[in-house]
Each structure stands twice: as C-alpha cells, then as structure tokens.
Amino acid sequence: MRPEEMLTLGVTVMLLPVVILTLRGLSIPGSRFLQWSYAAMLVSHLATNVEAYVLPDAFNLLEHAAVGAAGVLFALGIVAFARREWEGEPE
C-alpha cells in the first residue's frame, strides 16, 4: 500500500460530511447522482487500501467497478442539471 492511497482515503473520509451537508442543502437536479458518485469514489478508495491486505483480485475489481460507477453517476448528475438549463426551467 502506498502512502498517497492512504492520504486520498483520509481526505475523502474527512470531506464526506461537508459534501453530504452541502449537497443536501441544494435543490438542484442531479444532486442525488452527485452524492452517489462521491459514495462510489469512497468505496473505490477503501477497496484500494483493503486490497493490500486481503483478497487483492476481488478488491481490485471492486475498486475499478466503483470508479466506473462514480463516473457514470457523475455524468448523470451533470446531464440532469444541464437538462434543466436547456429546457429553461425556472430556478
């Protein structure tokens, strides 16, 4: 396990309450997708660190699947927000 992987996990965990509170306070389309995207990134960072100790192949697969899911969820959140802008809905 590399130190930067631990640092990334630590930063992700420390920012979790800030991200949750900020996104819950916003009433924008797609905020749920953004929350789930952050959760998937957290799972990815956890799997990265756990794979050094147990079941490396399984946690490596989980890590990459979680990163892929985070990307898809983030894209869905952006599309949901942009759709509101394209349709000209009032804020």
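Both backbone and side-chain heavy atoms feed into the values below; hydrogens, waters and symmetry mates do not.
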| field | Gap between atom CZ of Arg83 and atom CG of Leu76 - 0.5 Å precision | value |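 Rounded to the nearest 0.5 Å, the CG-CZ separation comes out at 9.5 Å.
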Side-chain polar contacts of residues 62-73 - donor-acceptor pairs under 3.5 angstrom, sequence neighbours left out - could you list them?
residue	atom	partner	partner atom	Å
Glu63	OE2	Thr48	OG1	3.1
His64	ND1	Asn60	O	2.8
His64	ND1	Asn60	OD1	3.2

| query | Is there a chain of hydrophobic side chains (I, L, V, M, F, W, Y, each step under 4.5 Å between heavy atoms) that links Val11 to Tyr38? | reply |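 Yes: a chain of side-chain contacts under 4.5 Å links Val11 to Tyr38.
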| said: Would a single hydrophobic cluster contain both Leu16 and Trp36, if residues Ile, Leu, Val, Met, Phe, Trp and Tyr are joined by side-chain heavy-atom contacts under 4.5 Å? | reply: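 Result: no, two separate clusters.
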| said: Going by side chain to side chain contact (heavy atoms under 4.5 Å, CB included), name the residues that satisfy it together with Leu9, two or more places apart in sequence or in a different chain. | reply: Val13, Leu42, His45, Leu46, Asn49
| query | Would you say Val79 and Phe33 make side-chain contact, with heavy atoms under 4.5 Å? | reply | no
| field | Thr12 (side chain) donor-acceptor with Thr8 (main chain) under 3.5 angstrom | value |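 Yes; at least one donor-acceptor contact below 3.5 Å.
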